[in-house]
There are 4 protein chains.
Amino acid sequence: MARKVDPEKHEEKRLELLEAAHRCFLREGLRGASTATICKEAGISPGHLYHYFSSKEVIVEAMAEDYLRRLHGYFADQPEDADTSALLLSEIWTMQGWSDVEHCRILFELLAEAGRNPRIRAILQENTRHVRAILSQTLKAGQAKGEVDPALDPEQVAAMLIAVVDAAPMLPLMVDGLDFAASRDMLTLMVRRFLAPPAKE
Amino acid sequence: MARKVDPEKHEEKRLELLEAAHRCFLREGLRGASTATICKEAGISPGHLYHYFSSKEVIVEAMAEDYLRRLHGYFADQPEDADTSALLLSEIWTMQGWSDVEHCRILFELLAEAGRNPRIRAILQENTRHVRAILSQTLKAGQAKGEVDPALDPEQVAAMLIAVVDAAPMLPLMVDGLDFAASRDMLTLMVRRFLAPPAKE
Amino acid sequence: MARKVDPEKHEEKRLELLEAAHRCFLREGLRGASTATICKEAGISPGHLYHYFSSKEVIVEAMAEDYLRRLHGYFADQPEDADTSALLLSEIWTMQGWSDVEHCRILFELLAEAGRNPRIRAILQENTRHVRAILSQTLKAGQAKGEVDPALDPEQVAAMLIAVVDAAPMLPLMVDGLDFAASRDMLTLMVRRFLAPPAKE
Amino acid sequence: MARKVDPEKHEEKRLELLEAAHRCFLREGLRGASTATICKEAGISPGHLYHYFSSKEVIVEAMAEDYLRRLHGYFADQPEDADTSALLLSEIWTMQGWSDVEHCRILFELLAEAGRNPRIRAILQENTRHVRAILSQTLKAGQAKGEVDPALDPEQVAAMLIAVVDAAPMLPLMVDGLDFAASRDMLTLMVRRFLAPPAKE
DNA sequence: TATGAATGAGGGTTCATTCAT
DNA sequence: GATGAATGAACCCTCATTCAT
């Protein structure tokens with residue numbers, strides 16, 4: 001009689017709901033999207049949402065964690081022999097066009113929220129910490145290989161690179177009809193020139 | 001007895017209200033800040049706001065326009081003899097610390113909103129168009145002076161620089177305790193190396 | 001220094017305002033029309049309205065009185081030799097088409113309001129009393145001339161005729177494209193047959 | 001366990017709400033009655049109204065439809081052998097006194113509204129179309145039986161009779177202390193004389 | 001006389017959340 | 001697990017009215 005809750009199925013549904021939430025938040029904003037909308041998007045009843053999340057706040061936080069985790073998955077497991085700059089920008093090089101960048105716009109929602117919500121800021125910083133560790137590792141390897149100016153502080157450069165990469169979704173919003181490939185190439189050029197060891201005299 | 005309509009006072013009050021709105025939006029978000037809160041911040045009664053703005057939407061739009069106009073005022077009227085990179089980053093060089101960057105966080109609200117609100121996107125793009133014109137002018141002058149790689153397309157570089165500069169407010173949110181001066185110097189270094197004409201062999 | 005208020009001009013402006021109010025009330029309803037709207041229609045400032053009327057309620061009441069007075073002016077001063085039925089329906093016979101009936105729709109507003117507002121009901125009844133007196137006079141004259149069935153109670157018939165006449169503005173609302181002249185003729189026929197003394201056998 | 005959606009209960013509650021709304025609208029007017037008042041009258045919370053109706057406008061429209069449908073129910077299913085005039089006025093003959101006529105005052109609200117709101121006018125006209133069909137049927141039968149002047153156009157007479165019947169609720173508003181039975185009898189006499197075939201000479 | 005800035009109560013509506021089923 | 005009825009606080013906005021000028 002006592003039907004055990006299948007924890008796997010529960011977790012699976014949870015992730016499904018977070019993705020639905022992500023779509024709604026993109027479409028209508030963190031505040032603008034109602035729990036009712038999210039439920040409709042996910043195909044469940046309004047009350048049932050609370051079997052998975054105790055409040056809307058929790059949904060936002062879980063969505064942020066889930067999204068950021070997935071996003072920085074791109075930085076891990078890169079081919080050993082790749083060019084350092086390309087490695088550092090792998091998140092962008094995995095995308096094919098502005099439409100791939102689209103869902104990253106949620107970052108602006110999170111950044112805006114992080115400015116006033118300590119829990120979201122903590123989530124953002126925790127995630128950034130991970131990514132910085134990975135990037136600074138890559139930078140150090142680059143320095144060892146002589147591809148990166150040894151005078152640069154890897155920790156600080158890593159932080160700046162994250163900001164620069166996360167700025168990419170601004171471009172299609174600010175300028176209509178921008179060429180994706182050209183923008184990506186220019187960004188890569190900028191990073192390469194920045195990191196390159198100064199020419200010896 | 002002198003019955004002036006006094007449209008100057010009206011305009012003055014309008015700007016005052018927009019600044020109050022800006023503070024509220026920073027504190028609670030574009031949706032989170034209620035018209036009542038804005039009125040309290042500005043010291044007027046809830047109904048009176050609608051003497052100056054026909055809806056909350058209009059307040060957001062006017063605030064965006066007003067804020068962006070003020071922000072890109074920094075790019076105009078720069079000393080003729082300054083270094084090109086510093087000129088291009090003048091917006092950041094006018095700031096003294098992260099606390100000065102604080103109010104720029106409103107950009108994330110606007111970027112998030114621009115993703116789903118065509119009117120806000122139009123305002124953002126119109127403003128960007130202005131700034132791009134100024135920056136590309138500076139870049140062309142730099143190319144003429146031999147300070148900027150002539151192979152770079154000024155238009156495209158300008159767009160990217162705006163994104164990079166606007167990414168700055170991300171840093172204190174993502175990493176706690178970052179040094180402002182060091183970050184600014186590193187950003188300047190990156191831009192300088194990017195723009196510099198390749199060394200001749 | 002003490003400029004005397006010209007009472008005539010004051011009264012004139014008052015009537016002008018009442019007509020503006022009538023137009024607004026027709027367009028938007030007694031509650032739907034705001035004092036601001038009325039002021040705009042009349043071309044005065046919102047505060048100035050209160051020099052003429054102490055409240056919106058008073059405007060409605062004054063408008064009702066003014067309108068009803070004007071409306072039943074049609075019943076007075078009719079040619080002595082006219083047919084009794086035509087005399088009784090003179091209000092309708094002065095109109096040329098449904099567009100002339102249009103402004104009578106305000107009656108429905110007043111009837112609705114009279115159902116719950118004793119002051120409006122009193123105004124309506126006072127006006128009806130006048131009209132009834134006139135109509136019952138006409139009826140008695142008709143009975144004397146042998147044109148009206150002497151068995152009918154003039155007082156009661158008068159009341160019913162007012163209701164029937166006031167029902168006319170319903171027709172264009174209820175049925176689209178009704179012919180005005182035909183409707184008027186039919187109404188006249190009904191009243192004539194009703195009033196006619198029964199044929200002697 | 002049996003999870004019925006139970007649309008019947010939903011519909012039942014809807015009708016209950018419409019009746020509560022009707023009472024409120026009578027008491028305070030279409031605009032004057034607030035959704036909060038309606039909710040209180042119906043014994044539900046302010047927000048819950050919107051489970052059943054998407055806006056106050058919809059409530060007014062649904063109430064109008066519901067009310068008019070119920071009202072003209074009186075015209076259907078009349079005894080075959082009844083007098084034609086009584087049949088045509090059956091709506092009034094089902095009522096026992098002015099207090100029964102009371103709730104018909106909502107018609108004035110609707111007529112006022114119909115003058116400026118096309119949706120309400122459409123509802124009114126659709127309802128009138130039904131009633132006219134029924135009445136003109138009755139009239140034709142009356143003509144066949146020789147009880148109704150064959151020279152009269154049934155369609156046009158039907159429209160006028162509706163207006164005359166709907167004018168009845170004006171009487172108690174316009175004249176205090178009117179006798180219900182006497183008024184009803186006089187109205188019936190008027191209709192009978194109107195419809196009667198002219199006496200042959 | 002005349003203006004329009006200013007008030008604050010209240011209107012329609014939304015929404016996160018709870019709970020009986 | 002799953003539903004959707006139900007709540008009540010809060011939101012944006014309107015409006016009759018007042019008052020300094």
For this session: Could you check which of dG11(E), dA6(F), dT13(E) has an atom nearest any side-chain atom of Ser55(D)?
Result: dT13(E)
Exercise. Which sits closer to the 5' end of DNA chain E, Gly47(A) or Gly32(A), going by the nucleotide each is nearest to?
Worked result: Gly32(A)
For this session: Report yes if a side-chain nitrogen or oxygen of Tyr52(C) is closer than 4.0 Å to either non-bridging phosphate oxygen (OP1 or OP2) of dT1(E); otherwise report no.
Result: no
For this session: Mind calculating the distance between CZ (Phe53(B)) and C1' (dC12(F)) to the nearest angstrom?
Result: 15 Å
Problem set entry | Where Ile120(B) and Leu110(B) come nearest, the two heavy atoms and their spacing | CG2-O, 3.7 Å
Exercise. Between Arg31(D) (CZ) and dC13(F) (C1'), how many Å, whole number?
Worked result: 14 Å
For this session: Considering just the side-chain nitrogens and oxygens of His10(B), establish if one lies under 4.0 Å of OP1 or OP2 belonging to dG4(E).
Result: no
Exercise. OP1 or OP2 of dG8(E) sitting under 4.0 Å from any side-chain N/O of Tyr50(B)?
Worked result: no
Exercise. Please give, in whole Å, the distance from dG11(E) C1' to Lys56(D) NZ?
Worked result: 8 Å
For this session: Compare the minimum distances between each of dA5(F), dA2(F), dC15(E) and the side chain of Ser34(A), then state the nucleotide with the smallest one.
Result: dC15(E)
Exercise. Are the side chain of Gln125(B) and the backbone N or O of Leu173(A) linked by a donor-acceptor pair below 3.5 Å?
Worked result: yes
Exercise. Within the distance-only criterion (no hydrogens, no angle test), does the side chain of Arg14(B) pair as donor or acceptor with the backbone N or O of Tyr52(B) below 3.5 angstrom?
Worked result: yes
Exercise. Is a side-chain N or O of Lys56(D) found less than 3.5 angstrom from the main chain of Ala33(D), in a donor-acceptor match?
Worked result: yes
For this session: May I ask you to evaluate whether Ser45(B) reaches the phosphate of dG8(E), defined as a side-chain N or O under 4.0 Å from OP1 or OP2?
Result: no
Problem set entry | Separation of Tyr67(B) OH from Ile123(B) CD1 (nearest 0.5 Å) | 15.0 Å
For this session: Describe the nucleic acid contact of Ile44(D) in one word from base, sugar-phosphate, nothing, applying a heavy-atom distance below 4.0 Å.
Result: sugar-phosphate
Exercise. How close or far is atom P of dG1(F) from atom CZ of Arg14(A), stated in whole angstroms?
Worked result: 12 Å
Problem set entry | For atom NE2 of His51(D) and atom P of dA16(E), their distance in whole Å | 13 Å
Seminar exercise, completed: Sorted by position of nearest nucleotide on DNA chain E, 5' first, the leading residue of Lys13(B) and Lys13(C) is Lys13(C)
For this session: Check the distance between dC15(F)'s C1' and Ile59(C)'s CD1 and give it to me in whole angstrom.
Result: 13 Å
Problem set entry | Pairing partner of dC19(F) (Watson-Crick or G-U wobble, both distances under 3.5 Å) | dG4(E)
Exercise. Roughly how many Å is it from CG in Leu30(C) to P in dC15(F), rounded to a whole number?
Worked result: 14 Å
For this session: Determine which nucleotide pairs with dC13(F), using a 3.5 Å limit on both distances of a Watson-Crick or G-U wobble pair.
Result: dG10(E)
Seminar exercise, completed: On DNA chain F, more 5' by nearest nucleotide between Pro46(C) and Leu49(A) is Leu49(A)
Problem set entry | Phosphate-side-chain proximity, Thr35(A) and dA16(E), N/O vs OP1/OP2 below 4.0 Å | yes
Exercise. For dT7(F), does either OP1 or OP2 sit under 4.0 Å from a side-chain N or O belonging to His48(D)?
Worked result: no
Problem set entry | Atom-pair distance (NZ on Lys9(D); P on dT3(F)), nearest Å | 19 Å
Exercise. Under 30°, 30 to 60°, or over 60°: which ring-plane class applies to Phe108(B) and Phe108(A), parallel, tilted or perpendicular?
Worked result: parallel
